[in-house]
Amino acid sequence: MNPFTVHRGKVAVLDWTDVNTDLIIPARYLKRIERVGYGKLLFADKRYAAGGAPPIDEPDKHGPLDPSFPLNRPENQGASVLVVGRNFGCGSSREHAVWAVAQAGYAVVIAPGKDEGFADIFEGNALNNGLLAVEVPQADWDRIVELAGPGGAEAVVDLRSLTITVTAGAATVEVPFFIPETRRERLLQGLDSISETLLLETDIARYEQSSPAWIRPTTA
Amino acid sequence: MPATLFQKVWDRHVLSNTNEATLLYIDRHLVHEVTSPQAFDGLRLAGRKVRRPDLTFATIDHNVPTEDQLNIGDPLSRRQIETLRSNARESGVNFYDIQSGRQGIVHVIGPELGITLPGTTIVCGDSHTSTHGAFGALAFGIGTSEVEHVLATQTLWQGKRPAALGVEVTGVLPPGLEPKDIILAVIRAIGTAGGTGTVIEYYGPAIRALSMEGRMTVCNMSIEGGARAGLIAPDDVTFEYFTKTERPFAPKGAALDAAIADWKTLATDPDAQFDSHVTIDASKLVPQITWGTNPAMTVDADGRIPTLEELPASVREEAGRAYQYMGLTPGTPVSEIPIDVVFIGSCTNGRIEDLRAAAQVMKGRKVAPGVRTLVVPGSEQVRSQAHAEGLDRVFEEAGAEWRQAGCSMCLAMNPDRLQPGQRAASTSNRNFEGRQGPGGRTHLVSPSMAAAAAVTGRFTDVRRLLDR
């Protein structure tokens, strides 16, 4: 995983609440067994005009975009900071949703409300893929959306100083954000958690030896 | 220190706890074909092995065609199934293939086979892993990177211990109501994000009165209220699940006695505090039905589709999109909404008791003209049991399709799906846009409400059909 320190990019806003992972990537695309190729499948049943969603194994063969889908507006093209509504990523645990967001070019997702912005599993999956999922207080989110909503705003998201700075024309909004320290460390260093955990092998083996006999599955 | 059930199970499994990061030991890892291929690939690339194949249990459920399990027409489904077969073979994990006698939806076979035990930690790359909390296990869904981590280490990193949300269900559930109505009412009360960052404990007389199957239905949909896990303290009903029926992987004899002695300590201490708390009175409930595109958009079966003004301001924008997608006019009585398809099955309501409840309504009645009704057992064992009880004949005589085990129409990854614009009464767990097929319209209900919709061709309060 690549370390995340600071990200600068264009801001797009999709302010719908309760955006679930079936909407982010419909279940049929989960038949793919690869970890890549999900970028064009992001919001596949929303972003393309009727009948235009790509075949499962050919993401490039999609139809024309649906101009009414907010992320398809011309000023949102090339955005890498996605501002979303409350409870983003709810529903299914599919990590494909995070792969789709990240592979569509987004490095940061910003949602409103502490512990309410993102569904728990989505947030964990984001962390494991180096996608920065940030919750900010509702009032700060409102300020960001007011500035970035019309399109064309730029954001600088700094994980070292824990600040988001959004600029549109002459106007600027600076917002602090919170992230648990261990998560911040992992993102800053781009750590591979499996190799870290394997260093604790002695502890894991000791735990297994001390567990009660009934907990081991009977051979059947 | 007094502790809640959840805190006890969590604390037992903490291997390391520093700086807001907790390493948990995982007792059981359930695997299905959809969320595991990239994890096994990751292991191979890094030259790692599955650390505990004996604690890892795999089956095929999402892609299985339920009309004929062996006839997998879609080459991508076939490839995904073949990939799990070869990964299981190579890694030596327990594996239940199609028509092995033990195949089924992963959350149905886990308990059935005695893989699920009270006091354990259980994970699966599937959000409905919360189902297993019915036994007093801490069970939750994880992403594919975490699946790989558990395969490699048998542990999982978490943040600090989540908050405990107490959901007390008092009273006695009236006739015609089912555990599904309880959980739909809970989600309606707390909202889709009400449980985010928490683990729910369900308790109270109406929960105690439920069978294990009913408790599984309740815990299954904890995720729809935003909670990763939901659990219920084990009691005599739980213990009998292991003492009255042979469960292949569960402890037996003296080991089972020792286990039960331990499981009896798994209750929330009388003076322990939940971080937050909600009470629902089961005796006041009427059958529940979702009208919109998230599982908190729910009304009473004898009610009307809410108008925008009746809804809180914070949900109006979403509700506006929901009316349009669902093709509903605000204010319409629920009983005037005709349906096209009925789906009875899934990890929420695909167990034997669910099929019995549906059969009770369908017995001696006929599926309404033009309605397609699918009844899909959650596992091969549920299917055999239903045959032994003659339920298959009840469904077929009524004109329903009796299927083989799988996830079926819950999520449109196999041939069972809605056509655009079709409206379904479904016993599954998600009414999201497109969940049962692009353009499909889903209303979540209990198995008996689904059966009532099947025989009347519209939503019907099942209590009116039971007085005969």
Side-chain angles (χ1 to χ4, degrees), chain A residues 15-18 20 22-23 26-28 30-35 45-46 53 56-57 86-87 90-96 98 113 115-116 118-122 124-125 128-129 180-183 185 193-198 200-201 203-204 207-208 211-220, chain B residues 15-16 19-21 23 25 27 34-35 37-38 41 46 54-55 63 76-77 79-80 83 115 117 120 125-127 141-146 148-149 152-155 157 159 192-193 196-197 226 228 248-252 255-256 258-259 262 294 317-318 411-413 430 432-435 438:
Chain A
D15 64 356
W16 302 350
T17 53
D18 291 316
N20 61 69
D22 275 271
L23 208 59
R28 60 185 183 278
L30 276 52
K31 291 182 189 178
R32 296 171 58 85
I33 57 171
E34 303 82 10
R35 217 179 170 115
D45 286 341
K46 286 282 169 195
I56 295 165
D57 51 349
R86 192 188 61 100
N87 201 24
C90 60
S92 154
S93 61
R94 62 190 69 167
E95 193 162 317
H96 312 67
V98 166
D115 292 338
E116 283 201 339
F118 296 99
D120 293 339
I121 303 178
F122 182 91
N125 288 341
N128 286 325
N129 286 275
E181 188 51 32
T182 43
R183 290 192 168 199
E185 269 315 297
S193 66
I194 295 180
S195 40
E196 267 186 284
T197 309
L198 288 173
L200 301 170
E201 171 56 32
D203 297 326
I204 300 171
Y207 181 92
E208 286 174 327
S211 64
W214 61 259
I215 216 160
R216 276 163 231 142
T218 323
T219 313
Chain B
L15 272 174
S16 126
N19 203 12
E20 295 201 329
L23 187 65
Y25 190 79
D27 296 316
V34 179
T35 53
Q38 296 87 352
D41 253 355
D54 60 321
L55 302 183
N63 282 272
L76 292 171
S77 285
R79 183 180 70 161
Q80 191 155 55
T83 302
I115 298 164
L117 299 178
T120 55
D126 193 290
S127 62
I142 57 178
T144 295
S145 296
E146 293 174 314
E148 184 179 339
H149 190 279
T153 69
Q154 204 56 35
T155 65
W157 286 103
T192 52
T196 306
R228 279 184 93 168
F249 289 98
K252 292 162 192 79
L256 181 57
D262 177 70
N294 80 46
E317 183 262 344
E318 196 177 346
L411 86 169
M413 278 193 76
R430 290 190 174 131
F432 299 155
E433 284 188 32
R435 170 76 179 186

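Residue numbers begin at 1 in each chain, while the letters A, B, ... track the order of the sequences. Side-chain atoms are counted along with the backbone in the values below, which use heavy atoms only and exclude waters and symmetry mates.
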Item to check | Full working for side-chain hydrogen bond (donor to acceptor under 3.5 Å, both in side chains) between T17(A) and E318(B) | outcome: CA-CA 7 Å; T17(A) 53; E318(B) 196 177 346; 2.7 Å; yes
Checklist entry - Under the side chain to side chain contact (heavy atoms under 4.5 Å, CB included) criterion, do R28(A) and S77(B) qualify, and how do the steps go? => result CA-CA 10 Å; R28(A) 60 185 183 278; S77(B) 285; over 6 Å; no
Checklist entry - Can D57(A) and L76(B) be said to form a side chain to side chain contact (heavy atoms under 4.5 Å, CB included), step by step? => result CA-CA 8 Å; D57(A) 51 349; L76(B) 292 171; 4.2 Å; yes
Checklist entry - side chain to side chain contact (heavy atoms under 4.5 Å, CB included) between L15(B) and L200(A): does it pass, once the steps are laid out? => result CA-CA 9 Å; L15(B) 272 174; L200(A) 301 170; over 6 Å; no
Next on the checklist: Run T196(B) and R86(A) through side-chain hydrogen bond (donor to acceptor under 3.5 Å, both in side chains) and show every step you take.
Outcome noted: CA-CA 11 Å; T196(B) 306; R86(A) 192 188 61 100; over 6 Å; no
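Using a 4.5 Å heavy-atom cutoff, the side chains of I204(A) and Y25(B) are in contact. Contact annotation: the side chain of N125(A) approaches that of E146(B) to within less than 4.5 Å [non-hydrogen atoms, C-beta and beyond]. With a 4.5 Å cut-off on side-chain heavy atoms, S145(B) and R35(A) count as touching. For the pair I121(A)/S127(B), a side-chain contact is recorded, criterion being any heavy-atom separation below 4.5 Å from C-beta on. The shortest distance between side-chain heavy atoms of W214(A) and L117(B) falls below 4.5 Å.
Contact count versus chain A (heavy atoms, under 4.5 Å) is highest, among A46(B), S16(B), G197(B), for G197(B). Among N129(A), L23(A), D22(A), I33(A), the residue with the largest count of heavy-atom pairs under 4.5 Å with chain B is I33(A). For the set S193(A), P212(A), S211(A), the entry with the most heavy-atom pairs within less than 4.5 Å of chain B is S193(A). Counting heavy-atom pairs under 4.5 Å between each of G143(B), P37(B), A412(B), G226(B) and chain A puts G143(B) at the top. For the options D203(A), V98(A), D115(A), T197(A), heavy-atom pairs under 4.5 Å to chain B are most numerous at T197(A). Contact count versus chain A (heavy atoms, under 4.5 Å) is highest, among D126(B), T83(B), T35(B), for D126(B). When the candidates P438(B), G434(B), A259(B) are compared by the number of heavy-atom contacts under 4.5 Å with chain A, A259(B) comes out ahead. Heavy-atom pairs under 4.5 Å with chain B peak, among E116(A), K46(A), R183(A), R216(A), at K46(A). Chain B forms the most heavy-atom pairs under 4.5 Å with one residue out of E201(A), R94(A), E181(A), and that residue is E201(A).
With values rounded to the nearest 0.5 angstrom, T182(A) atom OG1 is found 9.0 Å from W157(B) atom CH2. Rounding to the nearest 0.5 angstrom, the gap separating the OG atom in S195(A) from the NE2 atom in H149(B) is 8.5 Å. Separation of atoms OG1 (T155(B)) and OH (Y207(A)) is listed at 11.5 Å; rounding is to 0.5 Å.
Put simply, the side chain of T218(A) gets close to the backbone of A250(B): a donor and an acceptor are under 3.5 Å apart. Listed for the E20(B) side chain is no donor-acceptor partner under 3.5 Å among the backbone atoms of P180(A). A donor-acceptor distance shorter than 3.5 angstrom exists from the side chain of R430(B) to the backbone of G91(A), with no hydrogens or angles considered. In this structure, the side chain of E317(B) does not engage the main chain of W16(A) through any donor-acceptor pair within 3.5 Å. For the pair Q80(B) (side chain) and L30(A) (backbone), a donor-acceptor distance under 3.5 Å is present.
Between D120(A) and R228(B), none of the side-chain N atoms (NZ, or NE/NH1/NH2) sits under 4.0 Å from a carboxylate O, so this pair counts as no salt bridge. Using a 4.0 Å cut-off between charged nitrogen and carboxylate oxygen, R79(B) and E34(A) count as a salt-bridge pair.
Of the two parts of I142(B), only the backbone, made up of N, CA, C and O, holds a non-hydrogen atom closer than 4.5 Å to a non-hydrogen atom of chain A. Proximity to chain A involves both the backbone and the side chain of L411(B), based on heavy atoms less than 4.5 angstrom apart. Interface residue A27(A): backbone and side-chain heavy atoms are both found under 4.5 Å from chain B. Heavy-atom distances place the side chain of L23(B), and not its backbone, under 4.5 Å from chain A. Heavy atoms closer than 4.5 Å to chain B are found in the side chain of N87(A), but not in its backbone. Residue F118(A) touches chain B through its backbone alone, counting heavy-atom pairs closer than 4.5 Å.
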